[in-house]
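As a basis for the values below, the full set of heavy atoms in this structure was taken, side chains included, without hydrogen atoms, waters or symmetry mates.
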Amino acid sequence: MARSQGILDSSTVLLVGTSEWVTQFATELNTRTDATVQRVQTKAEALEIFRRETIDCLISEYASEETTGLELLREVRTETTALPVIVGTASGSEAVASEAIGAGVTDYVALTESTDQLVDDLLDRTERAVRSAQRSATQRDRARQFDAIFNDSRTATWVLDPNGALTRVNQTAREMIDEDVEAIVGKPFWTLPWWSQTEVTEAEVHQIVENALDGAFGNVVVSQPPHSDDPRVIDLSVRPVENERGNLVSIVVEGVDITERVDLERNLRQSEELHRVTLNNMTDTVLITDEIGEYTYVCPNVHFIFGYTAAEIRDRGPVQELLGEDLFDRDELAEEGVLKNIETTATDKAGREHTLLVNVREVSIQDGTLLFSCRDITKRKQREEALATLHETARDFLYAETHQEIAQHVVDDTPGVLNLDASAVYLFDADANELRPAAHSARLKELNGPLPTVHANGETLPSYSFVEDESLFFDDVHDADRLENRATDLRSATYIPLGNHGVFIAGSNEVGVFDDVTRELADLLAATAEAALDRITRESRLREQDRTLQAQNEQLTALNRINETIREIDQALVQAETREEIDHTVCELLTADDRFRFAWIGTIDPTSDTVDPRAWAGTDQGYLDSQPFTVAASGTDPAGQTAATGDVTMVSNVAAGLRDEAWRKDALARDYLSVLSIPLVYNDLTHGVLTVYAPTQDAFDDTAKAVLAELGKTIASALSAIERKNALLTTSMTRVEFAIDDSAFILSRLAKDAACTLSYQGGVQQSTEGSYVFVTVEDASLEDVAEAASHLVALDDVQQISADGEGGVLRLRLTQPFLALELADHGAVFREATANPTSTTLVIDIPDSIDVRTITQLVRETFSTVELRSKQTLDQSIERDLYSKFLNKLTERQLEVIQTAYYSGFFESPRESTGEEVAKTLGISPPAFYKHARTVQRKLFTTLFEENNLSVAGVSGGLNN
């Protein structure tokens with residue numbers, strides 16, 4: 001019967017024996033199956049085929065001519081136990097069967113059935129044997145494979161039971177933890193030390209094991225252990241294992257250490273990211289083309305330079321369209337391999353031109369053969385050009401001489417340095433504390449309008465930048481709080497302080513024009529301008545110092561000349577004997593050696609109100625006769641003005657106001673270009689006016705004015721001294737009596753307050769403590785008068801010298817100058833003064849050499865109400881001469897001592913006061929008093945008897961007169 005195709009169709013069956021059933025089975029096997037059937041008769045032939053070829057089943061008869069089938073079986077089993085062997089015998093018994101089984105037979109067939117049944121039975125047995133052998137072989141192969149996998153040193157393997165508990169673990173997995181694996185066998189896999197460090201990992205492992213328990217494969221990547229010094233990344237795969245019936249028998253978990261792969265992937269991703277970020281953000285652009293210029297690669301950052309996307313670059317055509325034709329020599333590139341720093345220009349999408357440095361090299365990348373590396377050096381080129389312009393600007397600054405020129409240069413060169421056409425420079429006015437626009441471009445005025453003057457108070461942007469010394473840059477100046485002109489069309493703007501000199505302003509009507517290069521160049525331009533302004537300031541100060549020094553030298557020279565003249569005049573004044581000699585000497589010395597062009601001294605005539613010339617020298621040319629020198633505060637020659645005001649009058653430029661005052665025309669005609677007029681006043685008494693003319697403008701500065709004013713006082717003092725000397729030497733004088741009514745006179749005030757009569761007894765002495773005056777008191781006690789005197793501010797001290805009933809002598813110390821001293825300075829003698837509560841009489845002796853009107857004027861100027869009562873002429877030649885000689889020999893202290901002694905009654909007989917009492921009054925010791933008294937007596941007697949060679953009788957007669 002025919003059989004369906006089965007496992008025997010692809011098997012090789014070896015039949016051994018000569019029995020009929022062997023022959024019949026071979027025939028049926030060939031007929032019913034497609035098996036390969038080989039038949040041999042002997043054991044040797046069978047072993048040869050067994051060892052040479054692969055057979056799937058060996059069927060042998062039990063008994064043969066040479067040996068038995070069991071012997072063949074035993075030899076086969078020495079080499080393999082996997083080959084199925086079937087033994088058949090017609091004379092079988094239990095002993096034979098037992099022996100066969102013991103030898104390792106696969107099946108034993110007793111040949112007792114009919115032929116057809118036997119064949120069918122053998123076919124079934126053979127098929128089962130082959131199938132069982134193949135199944136066993138498969139299981140052995142799988143076991144070997146599992147062992148190979150299980151013991152793989154690169155893979156950690158865990159075997160779990162159907163409940164997920166650990167049953168087996170390989171060596172690789174054992175080495176991943178430090179614990180004893182045997183101690184954890186039988187525990188749930190997800191709780192084991194491999195995964196239990198974190199809840200997340202444990203949960204993930206638990207989940208894939210649960211999935212495997214349900215028959216599903218699973219995979220998860222975990223870090224093991226995450227806290228170790230060398231963390232590992234494990235790729236876990238979990239698969240369920242089922243038996244032939246589909247029941248879960250185990251779970252196999254495999255873990256592959258993928259740490260290196262993860263690191264590589266991470267590094268690769270980072271490298272790719274770095275590459276991507278680098279290419280996207282670097283400013284250089286990389287292009288790769290073939291030999292005809294068609295792009296094979298366009299760097300993603302191509303827009304940085306050209307403004308196009310990579311797709312737009314490709315659409316533009318070959319690289320020549322972008323970088324230009326004839327960029328490089330192909331033969332030279334082939335020879336060199338790379339060509340560097342080829343400078344070219346390219347236009348971007350917005351139409352802006354860029355300067356590029358291109359490197360070209362041969363490559364073999366992505367079908368490309370040429371690699372272009374493009375670097376945009378537009379900014380650098382602009383910076384180089386700007387620095388060149390800035391260098392030229394700095395050179396221009398060297399020739400500028402004013403701050404205004406520097407400001408204009410800055411504005412003119414700003415477009416070339418910063419590529420900005422709106423700029424201005426404010427300069428600081430320290431006197432007004434203001435920033436003033438010194439220069440500005442037309443474009444700035446167009447965008448902003450006129451620039452106002454700014455107060456330096458920090459309220460506006462220029463002011464804040466200057467005051468705070470801070471550079472300000474704005475992408476949009478409209479965002480600034482201190483923007484004063486909100487209507488300005490300026491957008492980008494910068495304000496940079498120029499040190500202490502001002503502020504530099506630059507800007508544009510575009511937003512955000514200040515990049516790093518522009519900011520740096522703006523700072524450089526401002527710093528260069530500041531240095532130039534510093535230089536001009538220093539040079540200006542040096543020039544000013546030079547001018548000041550020169551002026552000071554000229555002043556010093558002039559002052560030296562003036563001082564030399566004054567020294568000569570001082571020497572002349574000491575030697576002069578008369579007023580006329582003083583006048584002419586002063587004028588001569590002032591005009592000698594071309595010191596001044598003309599000098600004259602005039603006397604004020606109160607009757608005509610003019611200044612009458614009394615001495616002159618120099619180049620007159622009739623000037624003194626050209627006009628009357630009227631005493632007036634203005635409109636007349638400076639001599640008349642000084643006579644009117646009593647102050648120094650200085651005219652630095654005679655030509656100024658030429659048509660306003662007639663005297664200027666006469667002076668200018670004689671080359672009198674500057675004039676100084678000086679009052680000759682000493683102790684409020686005028687001796688005339690000295691006027692000096694110079695042939696240059698500004699010949700008299702403040703120093704010369706002050707020095708010559710002092711000279712005027714010296715001249716007046718010398719004239720007063722001459723008058724005093726003449727007054728002492730004159731043989732006749734005029735005695736004038738005045739009645740005054742003025743409480744300012746100390747004797748009048750004291751007589752009124754004390755209700756007494758006071759008589760001046762002389763003794764006026766000037767010391768550091770004040771002036772001492774002796775007065776006789778009548779009609780009141782000395783105590784009452786002294787008490788009244790103590791309340792007067794003009795009296796600093798009162799001392800009783802002698803007392804006589806209702807009167808006596810007092811010594812008063814005055815805090816203010818006394819009239820007698822002023823009269824003495826003018827040569828007059830304050831002879832008598834008598835004051836009572838209602839009236840005061842003064843008697844003054846005026847030598848003939850002194851104008852009575854001068855003394856009268858002095859008295860009238862001193863007191864408010866003055867009446868001239870009498871005037872008479874006296875002759876006191878000898879008395880005056882002896883008296884003067886005697887007084888000249890005494891010191892002020894000696895005169896004070898002898899006067900105090902006299903008025904104290906020390907020289908009366910009997911003495912009214914002892915020497916000790918007088919000494920006490922004077923505040924000195926008695927020996928000092930007696931020494932002073934004897935010294936005065938000796939000087940008096942020397943004057944009387946030795947120096948004048950007079951007889952006692954002659955002197956007595958003279959004194960009695």
inquiry  = Does T18 form a side chain to side chain contact (heavy atoms under 4.5 Å, CB included) with E61? I'd like the steps, not just the answer.
reply    = CA-CA 8 Å; T18 59; E61 61 183 359; 3.7 Å; yes
Residue among N359, L323, L357, V360 satisfying side chain to side chain contact (heavy atoms under 4.5 Å, CB included) with I342 = V360
ask   = Should we say atom CG of D479 is surrounded by more than 12 heavy atoms from elsewhere, each under 6.0 Å from it?
value = yes
query = Do E45 and R39 come within less than 4.5 Å of each other through their side chains, counting heavy atoms only?
reply = no
message = Strictly by salt bridge (Lys or Arg N to Asp or Glu O under 4.0 Å), give each pair with a member in residues 338-358 just once, sequence neighbours left out.
response = E312-K349, E343-K381, D348-R352
Atom pair CG/CD of D329 and E336 - distance to nearest 0.5 Å = 10.5 Å
task = Check L248 against P162 and note the closest heavy-atom contact, atom names and distance.
result = O-CG, 3.7 Å
query = Going from CG on L14 to CD1 on I49, what distance comes out if it is rounded to the nearest 0.5 angstrom?
reply = 5.0 Å
inquiry  = Counting C-beta onward and ignoring hydrogens, is there a side-chain heavy-atom pair between I208 and N219 closer than 4.5 Å?
reply    = no
note = The single option from D56, I86, T33, D121 that satisfies side chain to side chain contact (heavy atoms under 4.5 Å, CB included) with T126 is I86
request  = Examine distances only and state if a side-chain atom of T12 and a backbone atom of T36 form a donor-acceptor pair shorter than 3.5 Å.
outcome  = no
note = Sorted by chain and number, sequence neighbours left out, side chain to side chain donor-acceptor pair (under 3.5 Å) with E325 holds for none
request  = Could I get the full list of side chain to side chain donor-acceptor pair (under 3.5 Å) partners for T369, not counting sequence neighbours?
outcome  = E291
Closest heavy-atom pair and its distance - V302, Y308 = CG1-O, 3.2 Å
query = So, for E321 and R316, which heavy atoms are closest and what is the spacing to 0.1 Å?
reply = O-NH2, 3.2 Å
Stepwise side chain to side chain contact (heavy atoms under 4.5 Å, CB included) test for W21 and L122 = CA-CA 10 Å; W21 68 268; L122 280 174; 3.7 Å; yes
query = Under the 3.5 angstrom rule, does the side chain of T345 hit a backbone N or O of T355 as a donor-acceptor pair?
reply = no
message = Ring-plane angle category for F514 and F473, please: parallel below 30°, perpendicular beyond 60°, tilted otherwise.
response = perpendicular
More than 12 heavy atoms from other groups under 6.0 Å of CG on D326 = no
request  = Please lay out, stage by stage, how V205 and V253 fare under the test side chain to side chain contact (heavy atoms under 4.5 Å, CB included).
outcome  = CA-CA 10 Å; V205 174; V253 182; over 6 Å; no
query = Hey, does L123 have a side-chain heavy atom less than 4.5 Å from the side chain of L8?
reply = yes
key: Test item: L327 and V319 side chains (from C-beta on) under 4.5 Å apart, heavy atoms   = no
ask   = Rounded to the nearest 0.5 Å, how far apart are CD of Q207 and CD of E204?
value = 10.0 Å
query = Does any N or O in the side chain of N211 come within less than 3.5 Å of the main-chain N or O of A216, such that one atom is a donor and the other an acceptor?
reply = no
query = Would a 4.5 Å heavy-atom cut-off, applied to side chains only, mark F50 and E79 as touching?
reply = yes
inquiry  = Quick test of your reading: applying salt bridge (Lys or Arg N to Asp or Glu O under 4.0 Å), list the pairs with at least one residue in residues 293-309, sequence neighbours left out, ordered by first then second residue.
reply    = none
query = Under 3.5 Å, side chain of T80 to main-chain N/O of V76, donor-acceptor pair present?
reply = no
task = Answer yes or no: is there a donor N or O on one side and an acceptor on the other, between the side chain of T81 and the main chain of R77, under 3.5 Å?
result = no
request  = Specify the closest pair of heavy atoms between G164 and V209, including all atoms of both residues, with the distance to one decimal.
outcome  = CA-CG1, 4.1 Å
ask   = Are the side chain of S492 and the backbone of D475 linked by a donor-acceptor contact shorter than 3.5 Å?
value = yes
inquiry  = Applying ring-ring contact (aromatic ring centres under 6.0 Å, His included), can you list everything that pairs with F474, at least two apart in sequence or on another chain?
reply    = none
ask   = Partners of E53 by side chain to side chain donor-acceptor pair (under 3.5 Å), sequence neighbours excluded?
value = Q38
task = Output the distance between atom CD (E242) and atom OG (S250), rounded to the nearest 0.5 Å.
result = 10.0 Å
task = Test side-chain hydrogen bond (donor to acceptor under 3.5 Å, both in side chains) on T106 and R125 and set out the steps.
result = CA-CA 10 Å; T106 303; R125 289 173 179 264; over 6 Å; no
remark   = Here the gap from R168 atom CZ to L166 atom CG, rounded to the nearest 0.5 Å, amounts to 11.0 Å
request  = Not counting sequence neighbours, list each pair that qualifies as a salt bridge (Lys or Arg N to Asp or Glu O under 4.0 Å) and has a residue in residues 186-195.
outcome  = none
Contact check, side chains of R128 and D124, non-hydrogen atoms, under 4.5 Å = yes
inquiry  = Is it true that, when you exclude E510 itself, more than 12 heavy atoms of the residues, nucleotides or ligands shown sit nearer than 6.0 Å to its CD?
reply    = no
Contacts of A346 that satisfy side chain to side chain contact (heavy atoms under 4.5 Å, CB included) - sequence neighbours left out = F306, L356
task = Please identify each residue that fulfils side chain to side chain donor-acceptor pair (under 3.5 Å) with R380, with sequence neighbours left out.
result = none
task = For residues F304 and D376, determine if any side-chain heavy atom of one lies less than 4.5 Å from a side-chain heavy atom of the other.
result = no
key: For A82 against A133, the heavy-atom pair lying closest together   = O-CB, 3.7 Å
query = What ring pair (Phe, Tyr, Trp, His ring centres under 6.0 Å) pairs are there with at least one residue in residues 166-189, not counting sequence neighbours?
reply = W158-F189, F189-W195
request  = Would you name the heavy atoms of G69 and S60 that are closest together and state the gap between them?
outcome  = CA-OG, 3.7 Å
request  = Run the numbers on R174 and E182 for side chain to side chain contact (heavy atoms under 4.5 Å, CB included), then give the verdict.
outcome  = CA-CA 10 Å; R174 289 172 181 269; E182 304 303 329; 3.0 Å; yes
key: Residues in side chain to side chain contact (heavy atoms under 4.5 Å, CB included) contact with I365, at least two apart in sequence or another chain   = I288, V363
Side-chain donor or acceptor of D161 paired with backbone N/O of N163 under 3.5 Å = yes
key: Neighbour count >12 (heavy atoms, 6.0 Å) for atom CZ, R361   = no
ask   = Are V109 and F25 close enough that some pair of their side-chain heavy atoms sits under 4.5 Å apart?
value = no
ask   = Roughly how far, to the nearest 0.5 Å, is CD of E254 from CD1 of I234?
value = 13.0 Å
inquiry  = Tell me every residue that passes side chain to side chain contact (heavy atoms under 4.5 Å, CB included) with N30, counting only those two or more places apart in sequence or in another chain.
reply    = V37
message = For D367, is the CG atom crowded, meaning more than 12 foreign heavy atoms sit under 6.0 Å from it?
response = no
